[in-house]
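Take a look at the structure below.
Every chain is numbered from 1, with letters handed out A, B, ... down the list of sequences. These values consider heavy atoms only, across backbone and side chains, with no hydrogens, waters or symmetry-generated copies.
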Amino acid sequence: MTQTARFTDSSCYHAALATLLTATEPHTDPFSVLGNNAATAARLTTDGELTFSDPLEPLTATFARHGHRLAHHPVRTEADWRQALDTLRSGRAVAIAADAFHLEHYWVGFRTSHALHVVVLEDFDAATATVRLVDPGEAVFFDGRLPVARLTSAMCEGDAGQAWMEILPLDTGRTDTGALPDLARQLSGDGGPWLSGTALVRQLQQHLDSYLTVVGSRPRGSAGGAQQDWGPGPRLLLGLWWYHHTLRWLAGHLRTRTTDGAPGAEGGPAETVEQASRDLLVVRNLMMRLGAMDETDDRFARFRAQLQPRLETTLRNLESAAAALTALAKEQQ
Amino acid sequence: MTVTPVGAVRVDLTPHRNSAAFLAAGEPPDDGFDGFGRAFPAEQLGAHALHLGLPNGCGHGAPDNVACEGQAIDLDEPLRAAGLRVVGAGSGGTVSEILTLEHDGATTPVRVRLSDFLSRRPAFDDTCFAHSPFLYDVGARPEPGAEPRLWQTEIPLDPPVRCARVTLPVNPDMHIVGLWLLPAGPERTERP
């Protein structure tokens, strides 16, 4: 059945939280909130291993800057899940991070992957014990009612890290939307609690062969069985995937900030951030391909040769965007 | 409705097609659009297959699109182009890449943006060229929850440029199914 999408995005976190935000505050542009973030969510461990936090961590901080509390409630028992249902019964919408393996509409992972997938629930009907499920994912869009009982397995079975989320007003009511210097630092500076964008790219440049080896050791999607064994290879690819979306949403955010000296203008930081997000996606996807290719494949060298130039372009674009945002912030002072 | 501008010159992609993104009913799975076997149902193309100059046997394993790997496509005859028309899609996300038009050592970069083949709506100023109400998923299983699309975009060249060769980027997630050059009118010459 063809369904018309009202809002979709290829990042399930951004898509669901934007939809949840719209349900809570219909007049707020989701890009103004979710896009006000440039965090890589990447860290180097003391062993030098590159790790990525859940994208929810920086997004929670982003919501806080805009006066919202993104409350995250882990679901480990059916009692935890009943709290989410009570919130739905009270008439509020929630987002759930569910085990994709049990989400029937989610054809990408249903019965094949235990990865988390985020969707929105709203409009609980006590008479029929059904709820409206909105999945604003670009490739998997779904908007329909289903019995809440059909979600029990997705939320309560196993330990995929299931949770439900709600947006609440911050007690302080304080907002801090003018964070251009913070964004600049996240792009190319100390990066705050995480590596900055340029630090992450330099890390990839300096240790590219090692990371390709790590990615090459990832379990193959075609190997059969449900994907559960998230090793460092898949986690690296997933971390780069999320950072690509972070930059993409940041570009959208910068385009909305027309009062800040039009950072969305041609050649401005919005454009360079957008290009950085695209080059990073190409790098990530090529790394995934290379990880599955035989080095004797005549395309291997051609694809491998793309990585450093793309990373270099990404680096330059992130530096350029950071410098432009810093200059804009100074102009505003 | 799909309309190719009058006089548009279709670039022969036949020698360069290296990927099978379409799958016919009953055929065993191949690489598909994304390398994992997700494919656009060939039977849903209808008359578009002819328009695109797809090979006979499209959907039965023959290469039907160009996954961009830096191929250099020489034109039969150089022409002066006022625009470029591309039909294709991205896989693993949207794609925004540079195609390079060349003639006598002069190069003109042209940015081409295409939405993902599983996008429900265009991410750029491209428009839907062909749509299927279902996807052949991994293992050639019909999946009604996904609706693959081919996208079309037209990029004007102002001023027009002479072109004898089109060089593609190295991004195998950019899939080009059809490529046309839009000839410019006669070149004006200055008169004293």
Side-chain angles (χ1 to χ4, degrees), chain A residues 1-11 103-108 110-112 135-142 144 220-222 224 237 241 244-245 248 252 271 274-275 277-286 288-290 292-293 298-307 309-310 313, chain B residues 18-19 29-38 44 67-72 89-98 111-124 128 131-139 141-149 168-175:
Chain A
M1 184 178 72
T2 298
Q3 296 184 80
T4 304
R6 54 178 185 174
F7 170 81
T8 59
D9 195 81
S10 48
S11 155
L103 285 179
E104 294 172 27
H105 79 279
Y106 187 64
W107 59 271
V108 177
F110 181 56
R111 294 279 181 260
T112 59
D135 185 339
E138 186 67 59
V140 293
F141 181 82
F142 179 85
R220 299 286 185 274
S222 58
L237 294 174
W241 171 249
H244 151 70
H245 289 303
R248 194 169 55 77
E271 191 173 304
E274 174 86 31
Q275 192 52 48
S277 84
R278 298 208 171 283
D279 279 320
L280 195 70
L281 179 64
V282 175
V283 167
R284 181 258 185 196
N285 288 351
L286 283 174
M288 187 161 63
R289 282 178 187 267
L290 288 165
M293 283 172 75
D298 59 2
R299 298 181 304 162
F300 188 94
R302 199 178 315 141
F303 292 173
R304 175 70 178 76
Q306 274 292 300
L307 297 180
R310 295 264 186 182
T313 308
Chain B
N18 58 353
S19 159
D30 207 331
D31 281 351
F33 244 110
D34 59 357
F36 293 101
R38 296 184 177 119
Q44 296 292 325
C68 293
E69 296 179 7
Q71 297 91 336
S91 58
T94 59
V95 286
S96 171
E97 294 288 345
I98 300 288
R111 184 164 289 282
V112 175
R113 296 177 169 92
L114 293 169
S115 301
D116 187 88
F117 80 111
L118 292 176
S119 292
R120 302 257 165 174
R121 50 181 193 161
F124 309 108
C128 182
H131 163 249
S132 167
F134 70 97
L135 169 82
Y136 282 126
D137 195 6
V138 177
R141 296 187 303 272
E143 173 49 65
E147 301 179 11
R149 286 170 171 81
L168 305 181
V170 180
N171 180 356
D173 284 315
M174 174 177 256
H175 298 266

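- The pair B:R149-A:E138 fails the salt-bridge criterion, with no side-chain N (NZ, NE, NH1 or NH2) lying under 4.0 Å from an Asp/Glu carboxylate O.
- Taking CD of B:E69 as the start and CZ of A:R302 as the end, the distance is 5.5 Å to the nearest 0.5 Å.
- For A:R284, no part lies near chain B; criterion is any non-hydrogen pair under 4.5 Å.
- Residues satisfying the side-chain contact (heavy atoms from CB on, under 4.5 Å) criterion with A:N285, sequence neighbours excluded, are A:L281, A:M288, B:D173.
- Contacts between A:V140 and chain B at a heavy-atom distance below 4.5 Å involve the backbone alone (N, CA, C, O).
- Rounding to the nearest 0.5 angstrom, the gap separating the CZ atom in A:F110 from the CG atom in B:D137 is 12.5 Å.
- For the set B:S96, B:P172, B:G93, B:G35, the entry with the most heavy-atom pairs within less than 4.5 Å of chain A is B:P172.
- With rounding to the nearest 0.5 Å, the separation of CH2 in A:W107 from CZ in B:R141 is 10.0 Å.
- Separation of atoms CZ (B:R121) and CZ (A:F7) is listed at 6.5 Å; rounding is to 0.5 Å.
- The distance from atom CG of A:D9 to atom CZ of B:R120, rounded to the nearest 0.5 Å, is 14.0 Å.
- Residue contact with chain A, scored on non-hydrogen atoms closer than 4.5 Å, is absent for B:R113.
- Within the model, atoms CZ of A:R278 and CG of B:N171 stand 10.5 Å from one another, a figure rounded to the nearest 0.5 Å.
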